Amino acid sequence: MGQVSGRADVHMFKYGGLLLVYDVNSGSLHQVDDLAWEAIDLLREGSGRERARGLLSRSYPPDEVEEALCQVDELREERLLFSPAVPLQNEKLSPGGVKALCLFISHSCNLGCRYCFARRDSQGKRLSHMSWEVGKKAVDFFLEYEGGRFREMDFFGGEPLLNFPLIRDIVGYARERALPRGKEFSFTLTTNASLLDEQAIDFLNREDINVILSLDGRPAIHDLMRSFKNGLGSYETTVENSKKLLQGRGNNNYYIRGTYTRHNLDFSNDVRHLLKLGFASLSLEPVVSAEESLALREDDLSLLEHQYDLLVDLYLEQKEKGSPFLFYHFILDLEKGPCLYKRLSGCGAGLDYLAVAADGSLYPCHQFVGMDEFYMGNITAEPFIINREVGARLAAAAREKEACGCCWARYLCGNGCAASSYFMTGDLQKTYNLGCALQKIRLERALYLQAV
Amino acid sequence: MQHIRTIRKGNLQELDHRGCRECQASCQSACKTSCTVGNQVCRQQEETKS
Ligand code: SF4
Ligand code: SF4
């Protein structure tokens, strides 16, 4: 095949003094010397073995060239390099069941974060809190719908803790109902932490609920983006409450997640700050926003890339010191990661992942909540008919994204995010290029960290 | 002389019995956990490991 398919199937990059080769169709990673680098590059660009040998022998001893080419042959045979695309069974590509459900426990929030996507939701006309009837129906729907053993339920909003009693009731009910059906629930709460009182902390820790705590980093950065409705920053409260919560769970099962925007293009300092506070399970995400003062620009890419370099340094430095931390985007499991079926169906929005608004309306994912175009029915309706076509449309668009088909990162990224395609490009089939660039920057570094 | 050191043998060529869909959901958006599929572990392999 031509050049494009070579580059799409074998990705070569240099990082931190290493020459690295990632074989896309097998998911293998190799470190090579200069000779093997040149050999693989020639083969990748379409040179035959003999031609490559001739060309390489001009600069390297012929016996070494042969040795390197033989090593490539062996890896090719083992399907670890230049591995072929694997034939897939069509029926396994579209999941029938639902395995993750996101509940909008409350659409209201006690903060007014500047980048919050929920703010674009039809303000005012929406029911604020989910009722017990809807919550219970959501559990019933989730358990009755086909799907496997593991069920993920996610308490989201707005700020879900504004409606804390409902979370408590849902967890109790879901666990009770799941047991005789042989299902297992895992719960996650995404919260700004400002409403974590003793009662909530106790409950979350006792019930083993994963938490995602929103904290952006340095006080000035956090407070600029994440203030209470009265304009006061939420940093102090968030940090104090998060620490209390984590103490009670042996610092397990949590992520501190922040968002970086144009206001902190030096976000590695925010990671440093979070580490200083004692948090070691971190995720910092690029904002996806069209608002000019916040939005990241193509021009920012080299600065951002450098920040990820600094993060790699910090990561290695902390590891060396014996106090490692987790950075979500650097976690990669090439040997035990999900199979191709999963990787090709991406996020599953509208298929095996759905979101329920407070009034019971169903949408393909939390980002599309409130948008008529993506409405999939209401779980309280009798009879309830779910409009599966919405999900099928998102999945088809994801599969047809042209840029993904020839992107080396396709099985690590999973064809990107439908919502960012939609909101940033207006077209489900287009990729959000800045997001892709950042994705690839992070992945190269994550791969590098596998090698050191 | 070794010109190539294999750091990780990927598992993407193995498809027998795969596609069970028991793995975690994966959302990439900034407001969630932001796990891309690359960050995850296959449940079948996770269980055989332990
Ligand atoms: S969304 Fe972007 S980075 Fe991800 S696979 Fe598609 S082109 Fe590659
Ligand atoms: S469309 Fe985007 S935001 Fe929605 S579930 Fe998929 S990755 Fe997440």
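Being a predicted model, the structure only gives us computed values, none of them experimental. Residue numbers begin at 1 in each chain, while the letters A, B, ... track the order of the sequences.
The line from CD1 of B/I7 to OH of A/Y22 is 13.0 Å long, rounded to the nearest 0.5 Å.
With chain B as partner, the option from A/L20, A/L19, A/L447, A/L80 having the largest number of non-hydrogen pairs under 4.5 angstrom is A/L80. Contact count versus chain B (heavy atoms, under 4.5 Å) is highest, among A/A100, A/A68, A/A36, for A/A68. Considering only heavy-atom pairs separated by less than 4.5 Å from chain B, the leading option among A/A418, A/G435, A/S420, A/P84 is A/P84.
Exactly one of A/D33, A/V72, A/L69 qualifies for a side chain to side chain contact (heavy atoms under 4.5 Å, CB included) with B/H3. That residue is A/D33. Partner of B/R5 under the side-chain hydrogen bond (donor to acceptor under 3.5 Å, both in side chains) criterion, out of A/Q31, A/Q71, A/H30: A/Q31 alone.
In this structure, the portions of A/L340 lying under 4.5 Å from any heavy atom of chain B include both its backbone and its side chain. Heavy atoms of A/P87 lying under 4.5 Å from chain B belong exclusively to its backbone. For A/S83, the parts sitting under 4.5 Å from any heavy atom of chain B are the backbone and the side chain alike. A/E78 touches chain B through its side chain: at least one heavy atom from C-beta onward sits under 4.5 Å away, while N, CA, C and O do not. Contacts between A/Q450 and chain B at a heavy-atom distance below 4.5 Å involve backbone atoms as well as side-chain atoms. For A/L284, no part lies under 4.5 angstrom from a heavy atom of chain B.
The two residues B/G10 and A/S28 have their closest heavy-atom pair at N-OG, 2.9 Å.
Side chain of B/N11 to main chain of A/G337: a donor-acceptor pair is present (N/O by atom type, distance under 3.5 Å, no hydrogens or angles). For the pair B/R8 (side chain) and A/G27 (backbone), a donor-acceptor distance under 3.5 Å is absent. Formation of a donor-acceptor pair under 3.5 Å by the B/Q13 side chain with backbone atoms of A/N25 is found in this model.
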Would you please test B/L12 and A/C339 for side-chain contact (heavy atoms from CB on, under 4.5 Å) and show each step? CA-CA 6 Å; B/L12 297 185; A/C339 65; over 6 Å; no
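Under a cut-off of 6.0 angstrom, the local environment of NZ in B/K9 is sparse, with at most 12 non-hydrogen atoms contributed by other residues, nucleotides or ligands.
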